[in-house]
Amino acid sequence: MNMSTTAVLRSEWIKVRSVRSVSGSLIAVFAATLLVTLLVFPTLGQAEADKPDNDSLFFAFYALNFGQIAAISFGATAMSAEFLNGALRISLSAVPNRDLFYAAKMSVIGCLAVGTGLITSLGTFVVGQAFMGEYAVGLGESGALRAVVGGGIYLALMTLAAAGLTALLRSAVAVLSLLVPFVLIVSFVVGDVAGGAAQYLPDRAGQLVLHQTTEGSLGPWTGLAVTGAWAGLALLVGWWAVRTRDA
Amino acid sequence: MNSIEVHGLTKDYGATRAVDHLDFSVRPGRVTGFLGPNGAGKSTTMRLVLGLDRPTSGTATIGGRAYTRLGKPLHSVGALLDAQAAHGSRTARNHLAALATSNGIGRSRVEEMLEESGLGTVGGRRIRTFSLGMRQRLGIAAALLGDPGVVMLDEPSNGLDPEGIVWIRELMRRLAREGRAVLVSSHLMSETSSFADHLVVLGKGRLLVDLPMEDFLDSRSGPGVRLRTTEPARLRKALIRRGHAPVQGDDGCWTVAGVGAEEVGPLAASEGIPLLELMDLKPTLEQAYLALTANETQFAAHASTTPEKD
């Protein structure tokens, strides 16, 4: 009569898809990215590519900046649904093994995020490059496939970081108002100023995988690994919180 | 398996002791009413039983095992803690399906419980559109999904309409008849007295009473009778001669404290006084409870005006 991991995974899958704001943010990862791709590339794409210091591969994933906001919302809302009006008590009454509960939830969130991330990353690359004319980068070119795969993984890691942080802070609003300004502003500003250390910020490091060439001490995959470490840290503190706190 | 055992259970929140060395058990085959003023520790105790909060000391077990050690716990224990906790964006059916699936319970059981709780036609509606009464029904449906031997309900009749209150009362009686252990907290004394066989009463986190309902009522007051007669003056004299103090009520009935029907009846007969009505007075649960908790109530000033959950 032990709990089956498959059963708990299926239960978490039902939970994710049955709350509209959660499934909505997941769809928004793809939808927002594609929308921005369609707005930017036909109009500004070729002009941007003409600039001398342009990394045309990195620019191909410009729209992921918006997709990652949706990815963060997905991770945050999927986890915060458990902290609304004590829903966690109902969940833990059904699955009192908190390690299993947390692992199953994060696995479902992570798998959905990787799947959606890869489709989104590939989608924005293919659609965007269709409008780039002579500047277009092919999937076969050096680093392109790595960037597409890495971009998908990057979105998933940001999702998991948000989910882990939500387990700690117990509020999607708190996590969103922390992570979104961080990604949009702090990292952007500090990144240009601080140089060396700034490349270890979670979003900066992970986005190295999207570059044709990297300059600092981090390569494309090691950069993504740094983001992975950040996400892992967030997942660990979330795990600790779910494990130790009264529900 | 069908029992809850609480031993030396203590829970501190910071400097506040919510539950203080509780010892009681909930036995199968009867409904145990769980009473106490706001903040007495009833909900905390229930959370501790479910392993949601961790005790500062002591244990709470289900058939001797900690809740968190139960495999597929919904088959052993069904609990309704807070009807508002179900996520409003989910449909009732999805809410139950997520719970059922995690414990290997099939979809047909979900439909069955929707029907049984009177939510058959609204299973596809989002929970946020539900009234409090409908949420209570959903919470009870969720508690009974796994056909558990132990059922624990926190204020289940809260928000229910009269029909719903009858339904929940009959349901609890049936669950007990089927040999399950049923623990039900409530603020409504007349409600509780209509379904509970046994009482556990808390005050300031401590156990005040753990008694069968009848024993509790008897323990809280002496005997007394209420009677109606065609010759009140003669009967009054006869009673006063025996040292009793009959009191006439507004409705023409007399009440006599400190004496039982088995004494008054023969007395009237020997005097040749016809009695139209004679009954032993039982204190209501409400009277007995209020007498007990009068000095234990933390928030006496608010208790009568704010029927909120603790």
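Per chain, numbering begins at 1; letters A, B, ... match sequence-line order. Heavy-atom basis, side chains included; hydrogens, waters and symmetry copies ignored.
When heavy atoms are compared at a cutoff of 4.5 Å, A/R17 approaches chain B solely by way of its side chain, counted from C-beta outward. Interface remark: B/R126 contributes side-chain atoms only to the contact with chain A (heavy atom separation under 4.5 Å).
Enclosure of atom CZ in A/R20 is not indicated, since only 12 or fewer non-hydrogen atoms of other residues, nucleotides or ligands lie within 6.0 angstrom.
Checking each of A/F61, A/F58, A/F131, A/Y62 against A/F125 for a ring pair (Phe, Tyr, Trp, His ring centres under 6.0 Å) leaves exactly one that passes, namely A/F61.
By number of non-hydrogen pairs under 4.5 angstrom with chain B, the leading residue of A/K15, A/E82, A/E12 is A/K15. Your options are B/A142, B/G78, B/P73, B/A86, and the one with the most heavy-atom pairs under 4.5 Å with chain A is B/P73. In terms of heavy-atom pairs under 4.5 Å with chain B, the best-connected choice from A/S91, A/A7, A/S21 is A/A7. Ranking B/L145, B/T101, B/L52 against chain A, the residue ahead of the rest is B/L52, based on heavy-atom pairs under 4.5 Å.
Ring orientation note: the planes of B/F24 and B/F34 are tilted relative to one another, at an angle of 30° to 60°.
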- prompt: Would B/E5 and B/S25 satisfy side-chain hydrogen bond (donor to acceptor under 3.5 Å, both in side chains), going step by step from the backbone distance to the final call?
  reply: CA-CA 4 Å; B/E5 308 84 23; B/S25 52; over 6 Å; no
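The pair A/D246-B/R47 does not count as a salt bridge, with every side-chain nitrogen at least 4.0 angstrom from each carboxylate oxygen.
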